[in-house]
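Any value given below was found using the heavy atoms of this structure, including those in side chains, with hydrogens, waters and symmetry copies removed.
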Amino acid sequence: MTPEEFIDVKAPQLAHYGKAFLSDKLEFNEVRLYLWDTLEEWHQLNLQGEAQTDVERVFWHLLYAFDKWPDWVLRGNQFLRQQLDDCCEYLFCGGPIPEGCIGVRP
């Protein structure tokens, strides 16, 4: 599997998980389980190099945000919450890249 194929499959899934979390339809621990499963799959592919596309950069940015911040911060910080929502929308629909997304491959 190429990095592009991996991101093409995983980006919409992550956006779905993110939207469900932000709308209180999914527990945070489910998002975290998805995060760790995704990182494990990425590691097994043994892919290296820099993120190649804006979609990939937004994907890694969103993934890291769910790893870095506790759920109460993601739900309560309006700026961060809006950025997460913008990232999810971008992964679903495209458009201009959300401001401040600096995603890098693990």
Side-chain angles (χ1 to χ4, degrees):
M1 176 179 283
T2 68
E4 294 80 18
E5 291 169 333
F6 182 88
I7 296 301
D8 286 348
V9 169
K10 295 298 183 177
Q13 292 174 354
L14 179 60
H16 178 76
Y17 273 78
K19 284 291 208 177
F21 167 76
L22 291 172
S23 63
D24 294 324
K25 295 178 181 171
L26 186 68
E27 294 293 322
F28 189 62
N29 64 333
E30 293 297 321
V31 177
R32 298 289 286 224
L33 288 172
Y34 174 79
L35 176 150
W36 289 110
D37 286 346
T38 299
L39 287 173
E40 183 177 331
E41 288 176 43
W42 177 262
H43 180 72
Q44 289 175 1
L45 294 174
N46 197 28
L47 299 171
Q48 307 213 356
E50 305 230 355
Q52 300 297 307
T53 65
D54 288 343
V55 170
E56 185 178 356
R57 283 186 276 284
V58 172
F59 172 80
W60 292 120
H61 179 85
L62 186 58
L63 199 77
Y64 286 135
F66 281 118
D67 182 47
K68 179 177 181 171
W69 301 104
D71 61 337
W72 61 271
V73 171
L74 295 174
R75 290 186 194 280
N77 182 305
Q78 292 304 311
F79 174 79
L80 186 55
R81 185 181 178 94
Q82 183 62 54
Q83 186 181 57
L84 295 179
D85 191 54
D86 291 347
C87 288
C88 290
E89 283 296 315
Y90 178 80
L91 293 178
F92 274 134
C93 306
I97 188 169
E99 193 172 317
C101 288
I102 309 171
V104 295
R105 289 180 180 178

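- The hydrophobic cluster containing L47 does not contain V9, counting ILVMFWY residues as joined when their side-chain heavy atoms lie under 4.5 angstrom apart, directly or transitively.
- One hydrophobic cluster, built from ILVMFWY side chains closer than 4.5 Å, cannot hold both L33 and L84; they sit in different ones.
- Contacts classified as side-chain hydrogen bond (donor to acceptor under 3.5 Å, both in side chains) and involving residues 96-106 (residues at least two apart or in different chains) are given here: E56-R105.
- With rounding to the nearest 0.5 Å, the separation of CZ in F28 from CG in L35 is 8.5 Å.
- Here ring-ring contact (aromatic ring centres under 6.0 Å, His included) pairs that include residues 65-106, with residues two or more places apart or in two chains, are F21-F66.
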Q) When you look at R32 and D67, which way does the side chain to side chain contact (heavy atoms under 4.5 Å, CB included) test go after all the steps? A) CA-CA 7 Å; R32 298 289 286 224; D67 182 47; 3.7 Å; yes
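- Closest heavy-atom contact between C87 and C101: SG-SG, 3.3 Å.
- Around atom CD of E4, more than 12 heavy atoms belonging to other residues, nucleotides or ligands sit under 6.0 Å away.
- What you find for A51 and G103 is that their closest heavy atoms are CB-O, 4.1 Å.
- In terms of hydrophobic clustering, with Ile, Leu, Val, Met, Phe, Trp and Tyr side chains grouped at heavy-atom distances under 4.5 Å, V55 and L45 are assigned to a common cluster.
- Under the side chain to side chain donor-acceptor pair (under 3.5 Å) criterion, E41 pairs with K10, sequence neighbours left out.
- Listed by chain and residue number, Q52 satisfy the side chain to side chain contact (heavy atoms under 4.5 Å, CB included) test with E50 (two or more places apart in sequence, or in another chain).
- Note that NZ of K25 is 16.0 Å distant from CD of E30, once rounded to the nearest 0.5 Å.
- To the nearest 0.5 Å, atoms CG (N29) and CG (D71) are separated by 9.0 Å.
- To the nearest 0.5 Å, the span separating CD on Q82 from CG on N77 amounts to 11.0 Å.
- In this view, P106 and L39, W42, W60, Y64 satisfy the side chain to side chain contact (heavy atoms under 4.5 Å, CB included) rule, not counting sequence neighbours.
- Within the 4.5 Å cutoff, no side-chain heavy atoms of Y17 are placed close to those of T38.
- Residues L91 and V104 share a hydrophobic cluster, clusters being chains of Ile/Leu/Val/Met/Phe/Trp/Tyr side chains in contact below 4.5 Å.
- To the nearest 0.5 Å, atoms CG (L22) and CG (D85) are separated by 6.0 Å.
- The hydrophobic clustering, which links ILVMFWY residues whose side-chain heavy atoms are closer than 4.5 Å, places L62 and W36 together.
- With values rounded to the nearest 0.5 angstrom, I7 atom CD1 is found 11.5 Å from E5 atom CD.
- The salt bridge (charged side-chain N to carboxylate O under 4.0 Å, His left out) search around E89 returns K19, not counting sequence neighbours.
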